[in-house]
Amino acid sequence: MLDIKLIREQPEVVRAGLRRKGDDPAQVDALLAVDERRRALIKEVEALKAERNAVSKEISKMKDKDEREAKIAAMREVGDRIAELDREAGEAEAEFSRLMLWLPNLPHPDVPDGTTEHDNVVVRVEGAQRQFDFTPKPHWELGEALGIIDFERGVKLSGTRFFVLKGAGSRLQRALISWMLDVHTQQHGYSEITPPYVVKEEVLVGTGNLPRFGENLFKIEGADLTLIPTAEVPVTNLYREEILEASQLPIYHVAYTPCWRNEQMSAGRDVRGIKRVYQFDKVEMVKFVTPETSYAELTTLIDNAEDICKGLGVPYRLLRLCTADLGTATMKYDLELWAPGVEEWLEVSSCSNFESYQSRRANLRYRPEPGAKPEFLHTLNGSGLALPRVMIAIIENYQQADGSIIVPEVLRPYMGGLEVIR
RNA sequence: GGGGGCGUGGCAGAGUGGUCGUAAUGCGUUCGUCUUGAAAACGAAAGGCCCUUAACCGGGCCCGUGGGUUCGAAUCCCACCGCCCCCUCCA
């Protein structure tokens, strides 16, 4: 959510930001109109309530019965009028809130303009791509042959785009989760959270997944709960409706969770393998920081995610996303691992600054000084990292001619010293 | 799942239709007086949201949440949420 004062005072700035994102600038005018109506109604109804409060106090002191009855009759009419205006003000408020929650975040001035993902900018590429003396295979062939990924049985249980990990495959994923959590908690200063995997609607509104981006969510039938699409959702909302002390900030949390996304994609795209699935596991970093530090915090967030890529010894690249690809962030960077079997860069992390967009929606505030007025803090999050694609990158980069897979050094302690999956 | 009890400020805890009430009182917090300093004592201050304002002032709303009754609701009624106790069940 944006600051209504910004919209009132500098509507042209907001319209310009919307245009950069390819969003409709007329939303601003609709919002200003309903805001004005809403405020006029509030003024009117509050003046009447002030009158009613004053007269009610007089009534309680009146001795003369007739005089008293006359006042009560008069106030009955005022009460009816208040009820009517309250209803109108409530409607205006609901419409105002609906428009505010729909309005997207604005891009940071430094974000490159663009209309598609092709306008994203490669910031840097790290690590040399391995030269193979055989033709590298895609992970689905290797994984099936090794008996560590079972696609058919995943479909049998849950339908298309679900898969089963087995044996060393399960253990590899579990090792990755443990290692990544250990790196973030022990080296990067994050504290670990294990949140619920289903959340209420208002929590999804808090992060901005609703009302606008709800089409990929799995809702639980018969309950007002939805499976989380990312740990960002419960963890960012952890302190919603709270006022934190400045001395508590920054707060860094890391959480491992499964994630569910009902991806609506064109048939035939990314159908093979585990690149795009309905359920996957992920380690997510979330930061709660003061506004003046949030861009410096974004830089270290990216560093923290990059450390995982480096530790795995897989080539990766960092992308600065353009205005078309920002989602609800003001600025976003993606990390992509190179996968030689499928011959593509795989997005394994998005690192975003939301500034106060999410904290306004979740009513997540801090007190800059003891006794000072509460202010909205800034939230950031970044994957650290998303598992299936890291699994793809490891399987494909560390494959050998015989179809076996070398276990990256950092993961061996987490796999009982196993060096090769064969 | 069945029965009973309870949701009030940072915490504890009064308040059962208007007055005592600007939500008592206590504890905690902050500031002041006193003190070399501290403690004690005494005095005082302190919430959130919205409207209005350059700011101050002013007004409205908030006693779990949402409705209702009433001229007027923390207080009465209804629904929902949460917590506690007992029974039942269970990983």
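Note that the structure is predicted; figures quoted are calculated from it, not measured.
At distances below 3.5 Å, not a single donor-acceptor pair connects side-chain atoms of A:Glu347 with backbone N or O atoms of A:Asp334. Side chain of A:Arg261 to main chain of A:Pro229: a donor-acceptor pair is present (N/O by atom type, distance under 3.5 Å, no hydrogens or angles). A distance-only check finds a donor-acceptor pair linking the side chain of A:Thr330 to the backbone of A:Asn353 [under 3.5 Å]. Looking only at distances, a side-chain donor or acceptor of A:Asn105 sits under 3.5 Å from a matching main-chain atom of A:Phe354.
Closest-nucleotide positions on RNA chain B for A:Val55 and A:Arg367 were compared, and the one nearer the 5' end corresponds to A:Val55. Toward the 5' end of RNA chain B, the nearer of the two residues A:Ile4 and A:Ala73, judged by each one's closest nucleotide, is A:Ile4.
Side-chain atoms of A:Tyr414 and A:Asp182 include a donor-acceptor pair closer than 3.5 Å. A:Ser356 and A:Ser359 share no side-chain donor-acceptor pair at under 3.5 Å.
Taking atom P in both B:C63 and B:U22, one finds a spacing of 16 Å when rounded to whole Å. If you take atom C1' in B:U35 and the same atom in B:A40, they sit 11 Å apart, rounded to whole Å. Using C1' as the reference atom, B:G10 and B:G5 are 26 Å apart when rounded to the nearest Å. The separation of B:A38 from B:U25, taken at their P atoms, amounts to 28 Å, rounded to a whole angstrom. B:G9 sits 14 Å from B:G21 when the C1' atoms are compared, rounded to a whole Å. The gap from the C1' atom of B:A39 to that of B:A24 amounts to 29 Å, rounded to the nearest Å. Here the separation of B:U19 from B:U30, taken at their C1' atoms, is 33 Å to the nearest Å. Taking atom P on both B:G18 and B:G2, the two are 37 Å apart, rounded to the nearest angstrom.
Taking side-chain N and O atoms only, A:Asn53 has a distance below 4.0 Å to OP1 or OP2 of B:G60. The side chain of A:Arg52 contributes an N or O atom lying less than 4.0 Å from OP1 or OP2 of B:G72.
Contacts classified as salt bridge (Lys or Arg N to Asp or Glu O under 4.0 Å) and involving residues 29-43 of chain A (residues at least two apart or in different chains) are given here: A:Arg8-A:Asp35, A:Arg15-A:Asp29, A:Asp35-A:Arg38, A:Asp35-A:Arg39, A:Arg38-A:Glu93.
Between A:Thr323 and the options A:His108, A:Arg20, A:Arg19, a side chain to side chain contact (heavy atoms under 4.5 Å, CB included) holds for only A:Arg20.
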Strictly under 3.5 Å: I want the nitrogen or oxygen pairs between protein and nucleotides 89-91 of chain B, one per line.
none

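Residues passing the salt bridge (Lys or Arg N to Asp or Glu O under 4.0 Å) test with A:Glu141: none are found, sequence neighbours excluded. Looking at residues two or more places apart in sequence or on another chain, you find a salt bridge (Lys or Arg N to Asp or Glu O under 4.0 Å) between A:Asp23 and A:Arg212. The side chain to side chain contact (heavy atoms under 4.5 Å, CB included) search around A:Ser247 returns A:Glu245, not counting sequence neighbours. Taking A:Asp24 as the reference, nothing meets the side chain to side chain donor-acceptor pair (under 3.5 Å) condition, with sequence neighbours excluded. Residues forming a salt bridge (Lys or Arg N to Asp or Glu O under 4.0 Å) with A:Glu95 (at least two apart in sequence, or on another chain): A:Arg98. The side chain to side chain donor-acceptor pair (under 3.5 Å) check on A:Thr160 picks up nothing, with sequence neighbours excluded.
Sorted by residue number, the members of residues 37-51 of chain A with any non-hydrogen atom under 4.0 Å from RNA chain B read A:Arg38, A:Arg39, A:Ile42, A:Lys43, A:Glu46, A:Lys49, A:Ala50. If you check residues 79-87 of chain A against RNA chain B, you find no residue with a heavy atom closer than 4.0 Å. For RNA chain B, none of the residues of residues 197-205 of chain A falls under the heavy-atom distance limit of 4.0 Å.
By the 4.0 Å N-to-carboxylate-O rule, A:Lys156 lies too far from A:Glu152 to be salt-bridged with it.
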Derivation of the side chain to side chain donor-acceptor pair (under 3.5 Å) call for A:Thr236 and A:Glu232: CA-CA 6 Å; A:Thr236 303; A:Glu232 167 198 351; 4.9 Å; no
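Rounded to a whole Å, the CD atom of A:Glu93 is 19 Å from the P atom of B:G60.
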Intra- and inter-strand pairs of RNA chain B in dot-bracket (Watson-Crick or G-U wobble, both distances under 3.5 Å; | for another strand): ((((((((.[[[..)..(......]]].(((((.......))))).(((((......))))).[[[[[..)....]]]]])))))))....
